[in-house]
Amino acid sequence: MEQKRILSFMICIVLLFGLNSCIKDEALNTEADVEQASILNGDLVLSTAPSIGNNTIVFKLKRFSGSYRHAPEFVVTTGATILPESGTELDFSVPQQYTVTSQDGAWSKTYTVSFVLDEGADFYAAFENAQIVDSDNPVGHYHQFFELTAKGQKNFIWETANEGYNILAGTLVGEDEELVPSFYPTSQVTDGYLGQAAKLITKDTGPLGGMFGSPLAAGNLFVGEFKLTFPTVNSTRFGIPYNSGTAPISLKGFFKYKAGEKFVANTKPSQLTKDTWDGYAILFEKSPGLDHNFLTGTHGFKDARIVSVARIGAQQQIETDKWTAFEVPFSFVNGKSFDPSKEYMYTIVFSSSKEGDMFNGAVGSTLYIDEVELVTNQIK
């Protein structure tokens, strides 16, 4: 019962030393992780900073240089080792496997490292592809969505907060229950509008979640990456490069939705009396360099870099048990317009609870999403 031991230890640390001490101890005990990834002349070669997931690392290339031979460099946790060694040149026309081993040799983690050409074709998602992330802290198995490039490479443009929920999940199941993908706030289901689809459900986080300041977890799905930090709302990093010479026109797709029975405003006052879902897309200006090219979960649509927004309105925020089409137009904000000579980022975000970023919502609210398209006048 290793997961129970870990969770009991976490609870004791919180009770004895407070949240800040818990965060520090947890970070020190993560002894077999890749903390940083880079390549020589990364600012010239990469479209954005490398994305480091639970067991994946993706380098997104601006353009194809004629070869997929690269020598990535990695910073691992103190005392750990990595094989192949950092700086080893390998052929990344296919993903390569790296193994990080802790200083005492008791723990290891295998990363799949990919170099993906940013083809600018990330504007359609059918959610047909998902892999299971096996986590041992606690032992959970949750879905991670990906798209396939023209070369058949996995491109992890979609992210969820399942990794964060995984810390709490072991306290929410019985001794005989298993942490399967459907237990988590976001998962793949087979009964989509066409083929597979994404299911987002607002979940209770239990007593430990309340202690961490996260009394509920809305199912979410977004274009970007998830980096667990505290407060947890800052763990979501929205945005990837937008590679089109024209401005986006609209966001469209299909949905089903059912609100949970009891809406609760946990942390802030709310004008809502019943839960509802949310979906939006944002185009924003790219910052110089590779880092900080993202919006956090606290952006509130007020970030000065935002150029245009498409957001679901009241006419689409309905309950329905049938697949229903939606399409919302982009509108320019802050007096801005699209300049094809500039570099931009974009994100698409869905949530089973509209105010989930403030931990307001109803446990059980369920949103299904499928066949999402970011419409441009780009010829496909």
Notebook entry, point to check: So F156 and V116, side chain to side chain contact (heavy atoms under 4.5 Å, CB included) or not? Walk me through it.
Noted result: CA-CA 10 Å; F156 296 94; V116 176; over 6 Å; no
For [X] and [Y], test the side chains for any donor-to-acceptor distance below 3.5 angstrom and give the result as yes or no.
X: T110; Y: Q97; answer: no
X: S351; Y: D278; answer: no
X: S365; Y: D275; answer: yes
X: S187; Y: S182; answer: no
X: S214; Y: T205; answer: no

Considering all heavy atoms, the nearest [X]-[Y] contact:
X: H143; Y: T160; value: O-OG1, 4.4 Å
X: N54; Y: Y111; value: O-CE2, 3.7 Å
X: I348; Y: A281; value: CG1-CB, 4.1 Å
X: L251; Y: A310; value: CB-CB, 4.3 Å
X: S102; Y: A32; value: N-CB, 4.1 Å

Notebook entry, point to check: Has the side chain of N234 got a donor or acceptor atom that lies under 3.5 Å from a matching backbone atom of T298?
Noted result: no
Check: Are the side chain of N162 and the backbone of Q144 linked by a donor-acceptor contact shorter than 3.5 Å?
Finding: no
Transitive ILVMFWY side-chain link [X] to [Y], under 4.5 Å:
X: F301; Y: F284; value: yes
X: F350; Y: F294; value: no
X: V223; Y: V307; value: yes
X: L90; Y: V34; value: yes
X: L83; Y: V76; value: no

Just say parallel, tilted or perpendicular for the rings of [X] and [Y], cut-offs at 30° and 60°.
X: Y242; Y: Y346; result: perpendicular
X: H299; Y: Y280; result: perpendicular
X: F92; Y: Y98; result: parallel

Is there a side-chain contact between [X] and [Y] in this structure, where contact means two heavy atoms from C-beta onward sitting under 4.5 Å apart?
X: F255; Y: T320; value: yes
X: V372; Y: F127; value: yes
X: W277; Y: L200; value: no
X: T112; Y: N55; value: no

How many angstroms lie between atom [atom1] of [X] and atom [atom2] of [Y], to the nearest 0.5 angstrom?
X: L44; Y: I39; atom1: CG; atom2: CD1; answer: 9.5 Å
X: K258; Y: E319; atom1: NZ; atom2: CD; answer: 4.5 Å
X: E128; Y: E147; atom1: CD; atom2: CD; answer: 9.5 Å
X: F359; Y: S270; atom1: CZ; atom2: OG; answer: 14.5 Å

Neighbour count >12 (heavy atoms, 6.0 Å) for atom [atom1], [X]:
X: K286; atom1: NZ; value: yes
X: Q315; atom1: CD; value: no
X: E327; atom1: CD; value: yes

Check: Would H141 and Y184 count as a side chain to side chain contact (heavy atoms under 4.5 Å, CB included) if you check the C-alpha gap in whole Å, the side-chain angles of each, and the deciding distance to 0.1 Å?
Finding: CA-CA 9 Å; H141 309 280; Y184 287 80; 5.9 Å; no
Check: With a 4.0 Å cut-off, would you call K256 and D370 a salt bridge?
Finding: no
Note to self: Clusters formed by hydrophobic residues whose side-chain heavy atoms approach within less than 4.5 Å: which one holds Y368, and what are its other members?
What the structure shows: V189, Y193, L194, F254, W323
